[in-house]
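We number each residue from 1, following the sequence as shown. It should be emphasised that the depicted structure is a prediction, and the values quoted were computed from it without experimental measurement.
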Amino acid sequence: MTRHQKRLAVPNSWPVERKTQTFTVKAGAGPHGEAGVPLVVLLRDVLGYVDSTKEARYALNNDSVLVNGDAVSDEQRPIGMFDILAFPVRGEYFRVFPDEGGRLALTPVDEESAGSRLGKVANKAVVPGGDVQLTLHDGTNVRVDAGTEYDTKDSIVIDNESKEVVAHFEYEEGALVTAIAGQHAGQIGEIEAIDVTLGSGSNTVVVGDGEDRYETVEEYVVVIDENFTDDDTDDADEAGETDE
């Protein structure tokens with residue numbers, strides 16, 4: 001397996017310039033699969049907090065960078081959708097969120113909002129002992145009581161300290177969602193209709209934001225909390241915006 005990653009071949013969601021250099025850092029094993037962006041790419045290319053991988057390793061070894069509440073020491077650790085990136089010493093906190101076009105961007109949030117993260121339920125299974133295990137979009141497994149009503153495509157909010165579920169949002173008509181892929185990535189609106197496709201094709205959803213409406217496959221939408229629309233970013237441009 002190659003240890004190199006050509007910039008031209010990185011996923012479209014990666015917030016990196018593709019034509020300035022030939023190679024970039026390859027993501028290590030971890031959450032989010034191939035879509036995960038190496039942490040060092042965000043620290044160096046997006047935020048500009050370090051100039052090299054060596055500087056990134058030094059910062060990480062000092063436990064100065066938290067991902068979803070946990071100190072991270074691996075500069076190749078994949079970072080992806082809805083992760084919380086925190087710099088307590090700086091007093092800076094970011095949520096990974098798609099911008100228009102589907103590229104991952106770092107949206108500034110306050111310390112309270114950084115205390116929990118959103119996850120889309122990708123799978124649900126009963127485990128030995130009778131509990132239910134929820135597998136989230138990033139591969140995280142969460143155990144809940146058998147009597148609780150969660151379903152695939154729902155979203156849950158996990159407290160970064162206790163790792164417990166603190167909120168639940170159902171996938172249904174009227175739910176607030178954001179598109180995370182496709183030509184409508186980054187757009188927020190409410191589900192107006194869910195159209196079930198017979199056979200093996202994907203179901204589609206119609207989403208409206210009061211002025212415009214669009215249709216996309218349901219795999220591209222995630223139910224979100226209203227707090228996602230209230231983050232105060234007026235005084236700071238979203239990190240992660242780079243020119244091609």
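Shown here for E226 and L176, the closest heavy-atom pair between the two residues is CA-CD2, 3.8 Å. Taking all atoms of both residues into account, the shortest heavy-atom contact from I158 to L136 is CD1-CD1, 3.4 Å. The two residues P88 and Y93 make their nearest non-hydrogen contact at CA-OH, 4.1 Å. Of all the heavy atoms in K153 and K120, the pair that sits closest is CA-CE, 4.1 Å. Across all non-hydrogen atoms, the minimal contact from S155 to V222 is OG-CG1, 3.6 Å. Closest approach of S113 to V109, counting heavy atoms only: CB-CB, 3.9 Å.
T135 is not listed as a side-chain neighbour of T140, based on a closest heavy-atom distance of 4.5 Å or more. At least one side-chain heavy atom of I224 sits under 4.5 Å from a side-chain heavy atom of L118. Proximity of V207 to E190: side-chain heavy atoms (C-beta onward) are nowhere separated by under 4.5 Å. At least one side-chain heavy atom of D225 sits under 4.5 Å from a side-chain heavy atom of F169. In this structure the side chain of V221 reaches within 4.5 angstrom of the side chain of T216, judged on heavy atoms. Considering only heavy atoms from C-beta on, D151 stays 4.5 Å or farther from V121 through its side chain. Using a 4.5 Å heavy-atom cutoff, the side chains of H168 and D154 are in contact. Annotation: side chain of P78 is not in contact with side chain of V37 (no heavy-atom distance under 4.5 Å).
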Decide yes or no on side chain to side chain contact (heavy atoms under 4.5 Å, CB included) for L47 and L106, but give the supporting numbers first. CA-CA 9 Å; L47 293 170; L106 298 180; 3.8 Å; yes
Just do the side chain to side chain contact (heavy atoms under 4.5 Å, CB included) check on R213 and V206 with the steps written out, would you? CA-CA 7 Å; R213 58 204 306 264; V206 177; 3.4 Å; yes
Check the pair F94, L42 against side chain to side chain contact (heavy atoms under 4.5 Å, CB included), reporting the backbone distance first and the verdict last. CA-CA 11 Å; F94 300 93; L42 299 181; over 6 Å; no
Determine whether N160 and S116 satisfy the following criterion, side-chain hydrogen bond (donor to acceptor under 3.5 Å, both in side chains), listing intermediate values before the conclusion. CA-CA 5 Å; N160 286 335; S116 60; over 6 Å; no
Checking side chain to side chain contact (heavy atoms under 4.5 Å, CB included) for the pair V65/F87: CA distance, chi angles, key distance, verdict? CA-CA 5 Å; V65 182; F87 304 88; 3.8 Å; yes
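Put simply, the residue from L134, V132, D131 that forms a side-chain contact (heavy atoms from CB on, under 4.5 Å) with R143 is D131.
Taking a 6.0 Å sphere around CD of E173, one finds it holds more than 12 heavy atoms contributed by other residues, nucleotides or ligands. More than 12 heavy atoms of other shown residues, nucleotides or ligands fall within 6.0 angstrom of atom OH in Y171.
Rounded to the nearest 0.5 angstrom, L85 CG and L39 CG are separated by 6.0 Å. Within the model, atoms CD1 of I180 and NE2 of H137 stand 7.0 Å from one another, a figure rounded to the nearest 0.5 Å. From Q133, atom CD reaches atom OH of Y150 across 14.0 Å, with rounding to the nearest 0.5 Å. Rounding to the nearest 0.5 Å places OH of Y220 at 10.0 Å from CD of Q183. Distance check: N203 CG to I194 CD1 gives 8.0 Å after rounding to the nearest 0.5 Å. To the nearest 0.5 Å, atoms CG (L43) and CD (E55) are separated by 10.5 Å.
With hydrogens and angles disregarded, no donor-acceptor distance shorter than 3.5 Å links the side chain of H32 to the backbone of D138. Remark: side-chain polar atoms of N61 are paired, donor with acceptor, to backbone N or O of R57 under 3.5 angstrom.
Side-chain contact of D145 with T148: a donor-acceptor pair under 3.5 Å is absent, judged by distance alone. Using modelled atom types and a 3.5 Å distance limit, the side chains of N62 and S64 yield no donor-acceptor pair. Remark: the S202 side chain and the E219 side chain contain an N/O donor-acceptor pair separated by less than 3.5 Å. D83 and N68 form a side-chain donor-acceptor contact under 3.5 Å, judged by distance and modelled atom types alone.
Between D70 and R77 there is no salt bridge, since no side-chain nitrogen of the basic residue lies less than 4.0 Å from a carboxylate oxygen of the acidic one.
Criterion: ILVMFWY side-chain heavy atoms under 4.5 Å apart, direct or through other members. Under it, V72 and I79 are part of a common hydrophobic cluster. The cluster map of Ile, Leu, Val, Met, Phe, Trp and Tyr, joined by side-chain heavy atoms under 4.5 Å apart, puts V46 and V96 in the same cluster. Put simply, V144 and I156 are part of the same group of oily side chains (I, L, V, M, F, W, Y) that touch within less than 4.5 Å, one to the next. V223 and F82 end up in the same hydrophobic cluster when Ile, Leu, Val, Met, Phe, Trp and Tyr side chains are linked at under 4.5 Å. Linking ILVMFWY residues whenever their side-chain heavy atoms come closer than 4.5 Å, directly or via other members, places V205 and I188 in the same cluster.
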